[in-house]
Every structure is written in structure tokens, then in C-alpha cells.
Amino acid sequence: MPQFKRFVAYLYYYENDTKEYLAGFARVEMRGDICRLEIHLKGTEYAGQEGKVSLFIRREGKILAFPVGNMRLMSQSSDYSGRISDGELGDETCHIQDVCGILIQPADGNFMAASGTMGRYIRKK
């Protein structure tokens with residue numbers, strides 16, 4: 001039977017690398033080598049823009065981010081749904097079970113991140 005893990009992670013908005021406010025949440029379901037991801041954001045200042053959605057893995061003190069899609073950001077609420085498999089995370093050494101966070105990046109350099117039960121996101125410059 002494949003390993004199964006399900007949890008909710010809270011997404012926070014970071015401006016100039018400072019945590020500002022709760023921006024929404026993500027539901028994550030991992031079963032075997034498949035990850036189902038739902039992201040729900042409340043009002044953002046990025047209405048009409050796109051944000052790059054990435055999953056990240058921590059390896060040897062570094063953060064490896066893997067883009068998994070784009071999310072249309074709206075003023076009232078924004079939603080994203082996706083399904084990612086092991087083969088989509090870059091190379092054979094990176095696995096769904098190693099994912100420790102979610103990152104949403106609008107074009108201006110600020111970001112929304114969740115790490116909660118998945119670990120802690122540390123931005124490297």
C-alpha cells in the first residue's frame with residue numbers, strides 16, 4: 001500500500017522578506033509518487049496578474065524550487081489546483097515525499113509561502 005499523507009498548510013504573504021499576513025491556505029495530499037495540491041488565497045493586491053507556483057525541497061542547506069504551474073491572482077479570491085508526480089520535479093533524486101514547502105511568486109519579487117507542517121522556508125539571497 002502506498003504511503004499516504006494529507007495536511008493543510010497556511011500561506012503567508014512576505015514583503016521585502018518580512019512576514020506580513022495570512023494570505024490563504026493549501027491542501028496537500030501525497031499518495032505514493034503523486035501530489036494533489038489545492039491553493040486558496042483571499043484578496044491580494046495582484047489582481048489580474050499571474051503568480052508562479054513552485055514546490056520546494058531542502059537539500060544540503062539549500063532550497064531547490066520546482067515550478068509546477070501558474071496561478072491567476074484575483075482581488076477577492078484566487079484558486080489553483082494541480083497534480084504533480086515524481087517525474088515532474090526535475091531529476092531522479094528529488095521525490096514528492098521530500099517536498100517541504102509551497103511558494104507563490106508574483107512578478108514584483110514578493111512572495112507567498114507555506115511551510116508549516118512541511119518544514120520551514122528560508123529565503124536565500
Side-chain angles (χ1 to χ4, degrees):
M1 181 176 221
Q3 185 177 0
F4 181 78
K5 187 164 50 169
R6 184 186 318 187
F7 52 89
V8 172
Y10 293 100
L11 290 153
Y12 290 91
Y13 177 74
Y14 291 78
E15 187 171 338
N16 300 319
D17 293 336
T18 303
K19 186 193 270 188
E20 295 291 329
Y21 57 83
L22 179 65
F25 67 95
R27 281 192 199 119
V28 180
E29 181 181 291
M30 295 180 181
R31 184 182 306 239
D33 63 352
I34 301 291
C35 174
R36 285 189 172 83
L37 175 65
E38 286 182 28
I39 298 173
H40 304 282
L41 299 176
K42 56 186 179 180
T44 72
E45 58 191 70
Y46 298 101
Q49 297 182 36
E50 283 202 354
K52 181 171 65 172
V53 177
S54 301
L55 299 178
F56 62 85
I57 293 173
R58 219 179 254 133
R59 178 154 308 142
E60 298 171 8
K62 295 181 181 176
I63 298 291
L64 304 175
F66 300 95
V68 295
N70 290 311
M71 176 177 191
R72 187 82 161 147
L73 302 172
M74 307 302 281
S75 60
Q76 295 299 315
S77 66
S78 305
D79 299 307
Y80 171 86
S81 180
R83 180 180 157 156
I84 304 99
S85 64
D86 260 355
E88 298 174 73
L89 283 185
D91 64 43
E92 67 279 350
T93 66
C94 301
H95 302 284
I96 288 293
Q97 298 300 327
D98 299 330
V99 169
C100 61
I102 302 166
L103 183 64
I104 303 165
Q105 297 172 290
D108 70 355
N110 295 322
F111 60 95
M112 286 150 271
S115 53
T117 57
M118 294 180 280
R120 187 163 179 217
Y121 176 75
I122 299 172
R123 185 161 177 173
K124 302 283 184 186
K125 290 189 176 185

Given side-chain contact (heavy atoms from CB on, under 4.5 Å), test V28 with V99 step by step and report yes or no.
CA-CA 11 Å; V28 180; V99 169; over 6 Å; no

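- For the pair F56 and A65, the tightest heavy-atom approach, listed with the atom from each and the gap, is CB-CA, 4.1 Å.
- Within the 4.5 Å cutoff, the side chain of L103 has no heavy atoms near those of the I63 side chain.
- A114 and A9 make their closest contact through CB-CB, 3.9 Å (heavy atoms, listed as atom of the first residue, atom of the second, distance).
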Set out, in order, the CA-CA distance, both residues' side-chain angles and the distance that settles side-chain contact (heavy atoms from CB on, under 4.5 Å) for L55 and I102, then state yes or no.
CA-CA 5 Å; L55 299 178; I102 302 166; 4.0 Å; yes

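- R83 CZ to E38 CD: the interatomic distance, rounded to the nearest 0.5 Å, is 13.5 Å.
- Linking Ile, Leu, Val, Met, Phe, Trp and Tyr residues whenever their side-chain heavy atoms come within less than 4.5 Å leaves I34 and V53 in two separate clusters.
- Taking the six-membered ring where tryptophan is involved, the planes of Y21 and Y13 are essentially parallel, since the angle between them stays under 30° and well short of 60°.
- Side chain of D108 to main chain of N110: a donor-acceptor pair is present (N/O by atom type, distance under 3.5 Å, no hydrogens or angles).
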Could you walk me through whether R72 and M74 satisfy the side-chain contact (heavy atoms from CB on, under 4.5 Å) test, starting with their C-alpha distance in whole Å, then the side-chain angles of each, then the deciding distance to 0.1 Å, before giving a yes or no?
CA-CA 6 Å; R72 187 82 161 147; M74 307 302 281; 3.7 Å; yes

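- No donor-acceptor pair closer than 3.5 Å links the side chain of R31 to the backbone N or O of K5.
- Residues passing the ring-ring contact (aromatic ring centres under 6.0 Å, His included) test with Y80, sequence neighbours excluded: none.
- For the pair R36 and R27, the minimum side-chain heavy-atom distance is 4.5 Å or more.
- Between atom CG of residue L73 and atom CG of residue D79 there is a gap of 11.0 Å, rounded to the nearest 0.5 Å.
- Atom-to-atom distance recorded for Q105:CD and Y14:OH is 13.0 Å, nearest 0.5 angstrom.
- The CZ atom of F25 sits 9.0 Å away from the CG atom of L11 when rounded to the nearest 0.5 Å.
- Atom CD in E50 sits 10.5 Å away from atom CE in M71 (nearest 0.5 Å).
- Between I57 atom CD1 and K62 atom NZ the span is 14.5 Å, to the nearest 0.5 Å.
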